[in-house]
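Here the structure comes first, spelled out in structure tokens, and everything after it is commentary.
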Amino acid sequence: MTHQNNSRNVKESHLNFTGWRQSNLVKWLLMALFVILFYFNLAPHIIPETYNITEGSVSDKDIKAPIQIRDEKATREAEEAAANEIEDSYSIVALRNDSLVESIFLRIEQLNADDQVSKEDKIDIYRSEIPNRYDQHIQTFVKSSSATTTYNALLLEEMSNVAKDQRYTIPEETFYKLPQLTQEQLTEMRMVAKEIVRKLTSDPIRNAETVRTQVAEMVNSSTISNRTAREIVQEIARFSIMPNKFFDKTMTDEAREVARNNTAPIIYKENEVIVQKNQVITPDLYALLSEANVLQGTNHNWSRVGVVLLSFILSAFLYVYLSQSSGVGLKRARYNNTQLLMLLLIFLINCGVIQITSLIQSETANIAGYFAPAALGIMLITLLIDEHLAMASTFIFSIVGSVILNTSTSMLLDFKFGVYIIVISLAAIYSIKHASQRSAILKAGIMVSLFGSFTVLTMLLMSEQLERMPMLYSLGLAFGGGLVTSILVVGLMPFFEISFGILSALKLVELSSPNHPLLRKLLTETPGTYHHSVMVGNLAEAAAESIGANGLLCRVGSFYHDLGKTKRPSYFIENQTNMSNPHDTIDPMLSKSIIVAHAKDGAEMLKAYNIPKQLRDIAEQHHGTTSLKFFYYKALKEAEEQGIEPDFKEEDFRYPGPKAQSKEAAVVGIADCVEAAVRSLRNPTIAQVEDMIHKIIKNRVDDNQYNECDLTMKELDKIAQSLKESLMGIFHSRIEYPDDVKLKANEKE
């Protein structure tokens, strides 16, 4: 009963300690932390930053434009300034002033020739008709031009108003002189007047009064000799001259509109400073910031929802991969919560170093993103967990990295950084997945540098960015990023190995070195046990790999599994060379105690040397709770010979356990038992070896030794087949084939 209680207590303690690793609650909590991790890494680069500022306050930092923003007020002011610089446009209107002269002289000739009209009436007619002919001439021109749309309406209106404003007033005495003119005089006067008006109105005229000052001189130089005729010609010519160059509002407005349209808008580019530190927030600036949606309280809820959904998508992709990789979900998957927690920490570190790199980026210097050690997390996942998980994580890091390193807010992610991260991550995986020494990490870093540089060069060539210095800077940053990645991996590996008790391939290779103090102790003090351990390692590694377990862990675990025998080496048969067996002279119960103690003693010695727990578990669990039947039957025989009733049970001659909790511990236990059993055969045959392997495995299955690990019957068959093949190779010269056995039998006959 005591043994059963101790075994139960050990089992319950073990389950309490390891229960969280398979807990669904812990699993979902860790997945929720993944969502939070993705959200807080993506949100600052997708959701615009807002500022708590008010009108009249002083900004305590530079405020940059989250996107390209057009300053409407400043743009309108610039457009108006450009329009105001456009001078008024004037158009020439051909009023045909000489026709006005013609009509006036025709009327004078007609009226002077009419003897029925008195002189006084003629004077009155001239006084009323001649001024009216000016207005009639303008009205007739406006009407005809409107009908033919030769000039726009506003121009004709402006012309009419200006012409009327500048109309010349003929002196009163001129009307009294008109009836005195003869037909000959009028003919000569008409020709001179028309010529003078035609010449003076051939040039642009804005102010008719200025031009009218030239009339007297031109009349005086004409052929008219009569003084009265010259005076009348001067007055009629002055009267007929009107401006012909007028302000064209339509043309001016069109020119100014063109100037407005051609004015470049006032735009703040992405990441351009809108408000400088210590600058006062004016109403115009406040309105601009409000338009840019950077004021605190601005609704960006849809952006937040989008980031949350993206975070869920990335986390769901990770969860589905972890579940599908084992086919049974995370609860029983080979990726337990310990590895999920470690994966979360790796994601946190990798996103952190990418975030730090993004701080030195700018819109004009975004090539700094190539320096990001984005393959850091991928290398750690490959070394500490699994290369296939690293492959899946590559695509997540490419999305997250292309968002974080994106310097343009006009697009969600930067394609070139996504491609860059994928390439260097894949290069890291294939360079380091078979690493057996820490120097391999540096070699992998160089491969990351080379592939990263090649990828950057490819993208620069495709985008035709061939400027020499930017290209050299980009290649140099990519190459340096790979080297920094390897340095960080070397520095972080011990942290993860110690904190999580991780046995990476690199650590296992280091522990398998014969120069390790414990293995040297095993070799020098118990050479037989050392040889046995090496043989078990060969068998266990091949058997583990046949079922997809960790073969290297089984090999190294086999090296240390019998370390406890160094405390009492002579009590174990492989070390009893040229000496008697001490068990022949001591009580079977004492023999049992000495034998079973080596599992616990080995685990304690390994713990004292800070050997990782997985190896300690193999040393402690490789015998499980199997029975030492030899000493049990020996004790029964002695009790029978002494004629006493046995005061012990079969359970008292069992190892204290615990039973194997992992496939690796179970495989090492089987290999240990098989190697010892086969070594005990003098001339084993293949049939004997095969029968012995199956018998050992069957006895342990019947004894429920594998109830606490995930071994299946199919896997046990694979283990048996692998052990048989390995033993045939190891003991090839000793194992007799069926034909050889028959041959020897015939010889004896």
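As a basis for the values below, the full set of heavy atoms in this structure was taken, side chains included, without hydrogen atoms, waters or symmetry mates. These numbers come from a predicted model, not from an experiment.
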| task | Say whether, by atom type as modelled, one donor and one acceptor occur between the side chain of Ser315 and the main chain of Ser311 under 3.5 angstrom. | result | yes
| request: Indicate yes or no: does Asp135 engage Arg167 in a salt bridge with an N to O separation below 4.0 Å. | output: yes
| Partner of Leu181 by side-chain contact (heavy atoms from CB on, under 4.5 Å), out of Gln185, Glu184, Gln183 | Gln185
| Face-on cation placement of Arg212 at Tyr168 ring, 6.0 Å and 45° thresholds | no
| Are any of the side-chain nitrogens in Asp98 or Lys194 under 4.0 Å away from the carboxylate oxygens of its partner? | no
| field | Which residues share a side chain to side chain contact (heavy atoms under 4.5 Å, CB included) with Glu157, sequence neighbours left out | value | Leu154, Asn161
| said: Donor-acceptor check, side chain of Tyr134 to backbone of Ala163, threshold 3.5 angstrom: yes or no? | reply: yes
| said: My understanding is that only residues two or more places apart in sequence, or in another chain, count here; which of them pass salt bridge (charged side-chain N to carboxylate O under 4.0 Å, His left out) with Arg76? | reply: none
| message | For Phe417 and Tyr370, I'd like to know if the aromatic rings sit close, meaning centre-to-centre distance below 6.0 Å. | response | yes
| task | With Leu200 as reference, evaluate Glu195, Arg238, Met218 under the side-chain contact (heavy atoms from CB on, under 4.5 Å) test and give the passing residue. | result | Met218
| message | Salt bridge or not between Lys177 and Glu173? Use side-chain N to carboxylate O under 4.0 Å. | response | no
| field | Any donor-acceptor pair under 3.5 Å from His137 side chain to Leu95 backbone | value | yes
| message | Looking at Arg256 and Asp253, is any side-chain nitrogen of the basic one under 4.0 Å from a carboxylate oxygen of the acidic one? | response | no
| task | Verify, without hydrogens or angle tests, whether Arg190 (side chain) and Glu102 (backbone) share a donor-acceptor contact under 3.5 angstrom. | result | no
| task | Could you tell me whether Phe397 and Phe347 have their ring centroids closer than 6.0 angstrom? | result | yes
| message | My understanding is that only residues two or more places apart in sequence, or in another chain, count here; which of them pass salt bridge (charged side-chain N to carboxylate O under 4.0 Å, His left out) with Asp121? | response | none
| Could you give the distance from CD1 (Ile108) to NZ (Lys122), rounded to the nearest 0.5 Å? | 11.5 Å
| query | Between Asn41 and Ile404, is there a donor-acceptor pair closer than 3.5 Å when you use the side chain of the first and the backbone of the second? | reply | no
| query | Counting only N and O atoms by type, is there a donor-acceptor contact under 3.5 Å from the side chain of Glu235 to the main-chain atoms of Ile170? | reply | no
| said: Tell me whether Ser103 contacts the main-chain N or O of Leu100 through its side chain, where contact means a donor paired with an acceptor under 3.5 Å. | reply: yes
| task | Nearest 0.5 Å please: distance from the CD1 atom of Ile422 over to the CD1 atom of Ile378. | result | 10.5 Å
| task | Would you check if the side chain of Thr485 reaches a backbone N or O of Gly481 as a donor-acceptor pair within less than 3.5 Å? | result | yes
| note | Residue pairs passing the side-chain hydrogen bond (donor to acceptor under 3.5 Å, both in side chains) test with at least one member in residues 416-429, sequence neighbours excluded, are Asp414-Lys416
| task | Would you please say whether a donor-acceptor pair under 3.5 Å links the side chains of Asp248 and Asn152? | result | yes
| query | With distance as the sole test, does Arg230 use its side chain to make a donor-acceptor pair with the main-chain N or O of Ser225 at under 3.5 Å? | reply | yes
| note | Sorted by chain and number, sequence neighbours left out, salt bridge (charged side-chain N to carboxylate O under 4.0 Å, His left out) with Lys73 holds for Glu77, Asp284
| request: Examine distances only and state if a side-chain atom of Asn244 and a backbone atom of Ala94 form a donor-acceptor pair shorter than 3.5 Å. | output: no
| query | Going by the salt bridge (Lys or Arg N to Asp or Glu O under 4.0 Å) test, which pairs reach into residues 257-268, not counting sequence neighbours? | reply | Glu80-Arg260, Glu257-Arg260
